[in-house]
Amino acid sequence: MGDVWAKWLLTRRDGDSATIRARHASSLDAFRDGVLDRADLRADDVLLDVGCGTGLIGFGALDRLGPDGRVIFSDISADLLDQCRRTAAHDRRCSFVQAAASDLAIIPDASVDVVTTRSVLIYCARKQAAFAEFHRVLRPGGRLSIFEPINRFPMLHRPGDLFGLGRTPVDDLLAKVARQVGDEATLVDFDERDLLSWAVDAGFEAVELDYRAQLDVPAEPFADWQAVKRTAPNPLAPTYGEAIAAALTRDERERLESYLTTTEARSRRTMATAYLRAQKADTPQQG
């Protein structure tokens, strides 16, 4: 798989580690169910999954739809769409389109019943345009159900706190690595209030947002360090191992690894998430 999106979802997200992959799986299943529960699916719905990735939401929707329901898998990554085609195994209820969330021109107006996304807007520079596109492609009475991490929250409350370790004897080294990893602007340029505003501005009604924030919550014990080094925090970032190699000298790398592998480094979770659901008006708005 060649593009950054496919590489991250298939290997760099979990460092090709079964342990880390298993830890992610339960969270991903919960996010999938949270999106689909809020979509109020009906047996014959046509669902457009924007930024489908490997098909977490789309294939989950197929399990809830009847034989007349359909899922349109949409992504900017041709590699990920190919992956979804292989998983679909010629299921006639599946179709595939390559498109960005902010430009769904390939999808006709008022042609789908449900639009879903999961962790897609964080990579989208034109978020308001994406909401306008979601509204356009929905039929009257159609539903929108999305999930987004609110990355501005940890940036504000625990800036530069790499791995959620808090104060450590290697803070100087972690700060250097954090700068190398960086934060793409689109990952942190919005919060839950923006999601509400963009949905309303796009013309949605019955807008509901479920927001959850966690600050310094004890997390699972620090995972195997060699596996962690092979992971990247997002598709646009280097792996932690690549960032360490670029940011630190040999002596600094040895000091960092000595701390992380010979002490009981325990992580604390600081994060925020939002589910938003909304509906397109049953009748075209006047004006």
Euclidean distance, T273 OG1 relative to Y211 OH, rounded to 0.5 Å = 8.0 Å
Step by step, work out the side chain to side chain contact (heavy atoms under 4.5 Å, CB included) result for D29 and R32.
-> CA-CA 5 Å; D29 288 348; R32 175 201 62 206; 3.4 Å; yes
Cluster link I57 to I72, ILVMFWY, side chain under 4.5 Å | no
Do the non-hydrogen side-chain atoms of L195 and W198 ever get within less than 4.5 Å of each other?
-> yes
Would you confirm whether Q180, through its side chain, and A246, through its main-chain N or O, come within 3.5 Å as a donor-acceptor pair?
-> no
Shared hydrophobic cluster for V71 and V46 (ILVMFWY, side-chain gaps under 4.5 Å) | no
Does V120 share a hydrophobic cluster with F96, counting links as ILVMFWY side-chain heavy atoms below 4.5 Å and allowing steps through other members?
-> no
Heavy atoms, side chains only, cut-off 4.5 Å: are V4 and R12 in contact?
-> no
Can you find a pair of side-chain heavy atoms, one from F59 and one from D91, that are under 4.5 Å apart?
-> no
Separation between CG of L174 and CZ of F163, rounded to the nearest 0.5 Å | 7.0 Å
R118 side chain to V35 main-chain N or O, any donor-acceptor pair under 3.5 Å?
-> no
Sidechain-backbone polar pair: R143 side chain, A39 backbone, donor-acceptor under 3.5 Å | yes
Close side-chain approach of T117 and E148, heavy atoms under 4.5 Å = yes
Mind checking whether I146 and L36 sit in one hydrophobic cluster, side chains of I, L, V, M, F, W, Y counted as touching below 4.5 Å?
-> no
Mind running salt bridge (Lys or Arg N to Asp or Glu O under 4.0 Å) on R42 and D68 for me, showing each step along the way?
-> CA-CA 10 Å; R42 299 155 192 169; D68 295 324; over 6 Å; no
Main-chain N/O of P154 paired with R158 side-chain donor or acceptor, under 3.5 Å = no
Could you give me the CA-CA distance, side-chain angles and deciding distance for D172 and R255, then say whether salt bridge (Lys or Arg N to Asp or Glu O under 4.0 Å) is met?
-> CA-CA 11 Å; D172 57 326; R255 181 158 68 93; 2.8 Å; yes
Between D33 and R64, the two heavy atoms sitting closest are OD1-NH2, 3.6 Å
How many angstroms lie between OH in Y275 and CZ in R212, if you round to the nearest 0.5 Å?
-> 9.5 Å
Do R93 side-chain atoms and L62 backbone N/O form a donor-acceptor pair below 3.5 Å?
-> yes
Closest non-hydrogen atoms of A227 and I20, given as atom of the first, atom of the second and distance, are CB-CD1, 3.7 Å
Quick one: pull up CG in D16 and OG1 in T231 and give me the separation to the nearest 0.5 Å.
-> 11.5 Å
Verify side chain to side chain donor-acceptor pair (under 3.5 Å) between S197 and D194, making sure each step is shown before the conclusion.
-> CA-CA 5 Å; S197 296; D194 295 312; 5.5 Å; no
Gap separating the NZ atom of K280 from the CG atom of D113, nearest 0.5 angstrom = 11.0 Å
Would you check if there is a donor-acceptor pair between the side chains of T186 and D189 at a distance under 3.5 Å?
-> no
D75 (side chain) donor-acceptor with S77 (main chain) under 3.5 angstrom = yes
State, yes or no, whether a side-chain contact exists between L104 and V97 at a heavy-atom distance under 4.5 Å.
-> no
Hey, could you give me the CZ/CG distance between R85 and D82, rounded to the nearest 0.5 Å?
-> 5.0 Å
State, with a plain yes or no, whether a side-chain heavy atom of I122 is found less than 4.5 Å away from one of F190.
-> yes
Would you check, one step at a time, whether the test side chain to side chain contact (heavy atoms under 4.5 Å, CB included) holds for D224 with T19?
-> CA-CA 9 Å; D224 174 70; T19 300; over 6 Å; no
When you measure from the side chain of D49 to the backbone N and O of F73, does any donor-acceptor pair fall under 3.5 Å?
-> no
Where the side chain of S26 meets the backbone of A22, is there a donor-acceptor pair that is under 3.5 Å apart?
-> no
Shortest non-hydrogen contact from H157 to L215?
-> CB-CD1, 3.9 Å
F204 ring center within less than 6.0 Å of F134 ring center = no
Where L56 and L28 come nearest, the two heavy atoms and their spacing = CD2-O, 3.5 Å
Where is the tightest heavy-atom contact between E133 and S102, given as atom of each residue plus distance?
-> CG-O, 3.6 Å
Would you call V181 and P233 a side-chain contact if the rule is heavy atoms closer than 4.5 Å?
-> yes
With no hydrogens and no angle check, is any side-chain donor or acceptor of R92 less than 3.5 Å from a backbone partner on P67?
-> yes
Please check if F147 and L196 belong to a single hydrophobic cluster, counting links between Ile, Leu, Val, Met, Phe, Trp and Tyr side chain heavy atoms closer than 4.5 Å.
-> no
Test salt bridge (Lys or Arg N to Asp or Glu O under 4.0 Å) on R126 and D103 and set out the steps.
-> CA-CA 9 Å; R126 300 173 58 236; D103 183 5; over 6 Å; no
Under the side chain to side chain contact (heavy atoms under 4.5 Å, CB included) criterion, do V115 and L138 qualify, and how do the steps go?
-> CA-CA 7 Å; V115 171; L138 281 168; 3.8 Å; yes
Any side-chain heavy-atom pair of M271 and P149 under 4.5 Å | no
Verdict with supporting geometry, C52 and L81, side chain to side chain contact (heavy atoms under 4.5 Å, CB included) = CA-CA 8 Å; C52 63; L81 289 172; 3.9 Å; yes
Could you give me the CA-CA distance, side-chain angles and deciding distance for R38 and E208, then say whether salt bridge (Lys or Arg N to Asp or Glu O under 4.0 Å) is met?
-> CA-CA 10 Å; R38 291 168 174 82; E208 299 179 25; over 6 Å; no
Determine the minimum heavy-atom distance between D216 and R268, stating which atoms define it.
-> O-NH1, 3.1 Å
Is Q98 reaching over with its side chain to a backbone N or O of I76, donor-acceptor style, under 3.5 angstrom?
-> yes
